[in-house]
Amino acid sequence: MINKKLLFKKRPVGLPDEDTWELIDEKLPDLVDGQILIEQEYISLDPAMRGWMNEARSYIKPVEIGDVMRAGSVGKVIKKSGESKFNVGDYVSGWGGVQTHSISNGENLHKIDPEKSSLSSYLGVLGMPGMTAYFGILEEAKVKEGDTVLISGAAGAVGSIVGQIAKIKGCNVVGIAGGEKKCTFIKDDLGFDDAIDYKNGNVIKEIKSKCPKGIDVYFDNVGGEILDAALIFLRRNARIVLCGAISQYNNKDSIKGPKNYLSLLVNRASIKGMVVFDYAPKYEKAIDQISGWIQEGKILINEDIYEGIDNFRSVFLKLFNGKKMGKLILKVKT
Ligand SMILES: NC(=O)c1ccc[n+]([C@@H]2O[C@H](COP(=O)([O-])OP(=O)(O)OC[C@H]3O[C@@H](n4cnc5c(N)ncnc54)[C@H](OP(=O)(O)O)[C@@H]3O)[C@@H](O)[C@H]2O)c1
């Protein structure tokens, strides 16, 4: 049986290009005792993958040159050898990487139930972005009823769930997104109270007018100038959740930090970084609660699915060029 796999060939400077990866065919080896073979169905595309390609120290080891590109995935067990807690026919989620098949000893793999929710949703609302949103807004920001919550990257995988959970908790929610279509979507479909189009307007003026009492929580997915603008409008005891800084990930030189940070001092405010993996022991509880909200119609699944592992690079670039809505996913089989 042939596996198509995407090898990491060269660390990019700026956006990945044709030299960054190479797609190759390989004959799958025989399984050894305790291993399972997974036919991958969906691969997750996340902004964090850009960071994993850098050599710098981070919360996770960088992807090494020659490795299969690291990615979250869901798939079906199609073969097993000897004893394993997984059976042929089981659906699983894990770190299968950008390839059509993966071989695993079962470590860090979770059985998922396609009857409970669609397979792709285990990469989005019930996967890493959903967990980030859930624990970020509830446990890091500790939102309470009446808070004004400002969210950047609001039409993306994490931001769109953060906003919906904040609405469930009775907050006034304002999202920042690029373009009219995304702004209309987060208001009309996701129920945000207001939206700011950062590509067509002055973000500082817009925050002032749409958060007239200031901001209690800023959930930051993008960093850069938008973080600086949000800092101006903090209320006393405001909390900033430092979730990501996508506007900085492809910088060819250094990352730009905020100028307006003294607003934290003046307003007795805090900014705190989070890494979702720290919450892994609590994922099951979050999955149950989010599934309940989906069934009650309080959370809308927001996914953008493209097909074909051959198209990986062009689909990956959609994370950074605004040409996608919601959780970006690659369906392996065309
Ligand atoms: N800390 C953690 O544990 C953790 C876990 C998961 C994700 N994250 C981080 O959370 C953030 C959001 O992740 P996600 O999965 O929601 O990604 P996503 O679905 O790609 O959404 C991110 C959004 O950012 C916007 N964006 C892209 N480039 C931008 C720029 N230069 N300036 C402003 N906005 C820009 C895009 O929308 P527009 O079209 O509106 O620009 C995009 O929809 C990322 O920074 C990611 O690294 C952190």
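Counting convention: from 1, in listed order, for ligands and their atoms alike.
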Just need the protein heavy atom nearest to atom 23 (C) of ligand 1, so name the residue and atom and give the distance. G153 CA, 3.9 Å
Specify side chain, backbone, both or neither for K182, according to which of its non-hydrogen atoms lie closer than 4.0 Å to ligand 1. side chain
Ion pair present between D216 and K142, side-chain N to carboxylate O less than 4.0 angstrom? no
Considering only heavy atoms of G244, which atoms of ligand 1 have at least one such atom less than 4.0 Å away? 9 (C), 45 (O)
Using a 4.0 Å cut-off to any heavy atom of G326, which atoms of ligand 1 qualify? 19 (O)
Which heavy atom of the protein is the closest neighbour of atom 21 (O) of ligand 1, given with residue, atom name and distance? G156 CA, 3.4 Å
In ligand 1, the atoms that come under 4.0 Å of a heavy atom of V275 are 3 (O)
Below 3.5 angstrom, do we get any N/O pair linking I226 and ligand 1? no
So is there a nitrogen or oxygen of G178 less than 3.5 Å from a nitrogen or oxygen in ligand 1? yes
Which of the numbered atoms in ligand 1 are below 4.0 angstrom from a heavy atom of A245? 45 (O)
Less than 4.0 Å between a side-chain N and a carboxylate O, is that true for K76 and E41? no
Just let me know how P129 lines up against ligand 1, side chain, backbone, both or neither, with a heavy-atom cut-off below 4.0 Å. neither
So which heavy atom in the protein is nearest atom 35 (C) of ligand 1, and how far is it from that ligand atom? Y198 OH, 3.5 Å
Which residue supplies the protein heavy atom nearest to atom 42 (C) of ligand 1, what is that atom called, and how far is it? K324 NZ, 4.1 Å
Closest to atom 30 (C) of ligand 1 (judged by heavy-atom distance), picking from S247, G130, A157: S247
So, D17 and R313, do they make that salt bridge, N to O below 4.0 Å? no
Enumerated ligand 1 atoms positioned under 4.0 Å from heavy atoms of N221: 10 (O), 11 (C), 12 (C), 44 (C), 45 (O)
If we count only N and O atoms by modelled type, under 3.5 Å, do the side chains of K333 and T100 hold a donor and an acceptor together? no
What is the closest protein heavy atom to atom 17 (O) of ligand 1, and at what distance does it sit? P47 CG, 3.2 Å
Starting from atom 3 (O) of ligand 1, locate the nearest protein heavy atom and write down its residue, its atom name and how far away it is, to 0.1 Å. V276 N, 2.7 Å
Atoms of ligand 1, numbered as shown, that sit under 4.0 Å from any heavy atom of A177: 40 (O)
Which bit of V158 gets closer than 4.0 Å to ligand 1, counting heavy atoms only: side chain, backbone, both or neither? both
Identify, by atom number and element, the atoms of ligand 1 in contact range of M274, meaning under 4.0 Å from any of its heavy atoms. 1 (N), 2 (C), 3 (O)
Look at R11 together with E64 and state whether they make a salt bridge at an N to O cut-off of under 4.0 Å. yes
Taking everything shown except K79 itself, do over 12 heavy atoms lie less than 6.0 Å from its NZ? no
Less than 3.5 Å between some nitrogen or oxygen of C243 and one of ligand 1, yes or no? yes
Find all atoms of ligand 1 within a distance of less than 4.0 Å from any non-hydrogen atom belonging to Y249, and give their numbers and elements. 44 (C), 45 (O), 46 (C), 47 (O)
Can you name the residues that form a side-chain contact (heavy atoms from CB on, under 4.5 Å) with K144, not counting sequence neighbours? D147, R239
Please confirm whether L319 comes under 4.0 Å of ligand 1, counting heavy atoms of the residue only. yes
Within the supplied structure, the quantity of interest is the number of heavy atoms (other residues, nucleotides, ligands) at a distance under 6.0 Å from D188 CG; does it exceed 12? yes
Heavy atom of the protein closest to atom 24 (O) of ligand 1 (residue, atom name, distance): I246 CG2, 3.6 Å
Can you pull the ring-ring contact (aromatic ring centres under 6.0 Å, His included) pairs that have at least one residue in residues 306-334, sequence neighbours excluded? W21-F312, W21-F316, F312-F316, F316-F320
Would you say NZ of K331 has more than 12 non-hydrogen atoms from neighbouring residues, nucleotides or ligands within 6.0 angstrom? yes
Please tell me whether Y218 and S152 have a donor and an acceptor in their side chains that are separated by less than 3.5 angstrom. yes
Using 4.0 Å as the upper bound for N to carboxylate O, is an ion pair formed by D197 and K182? no
For atom 4 (C) of ligand 1, which protein heavy atom lies nearest, and how many Å away is it? T132 CG2, 3.7 Å
Apply salt bridge (charged side-chain N to carboxylate O under 4.0 Å, His left out) to residues K210 and D193 and explain how you reach the verdict. CA-CA 9 Å; K210 290 176 173 164; D193 297 286; over 6 Å; no
To the nearest 0.5 angstrom, please state how far the CH2 atom of W52 sits from the CZ atom of F8. 12.5 Å
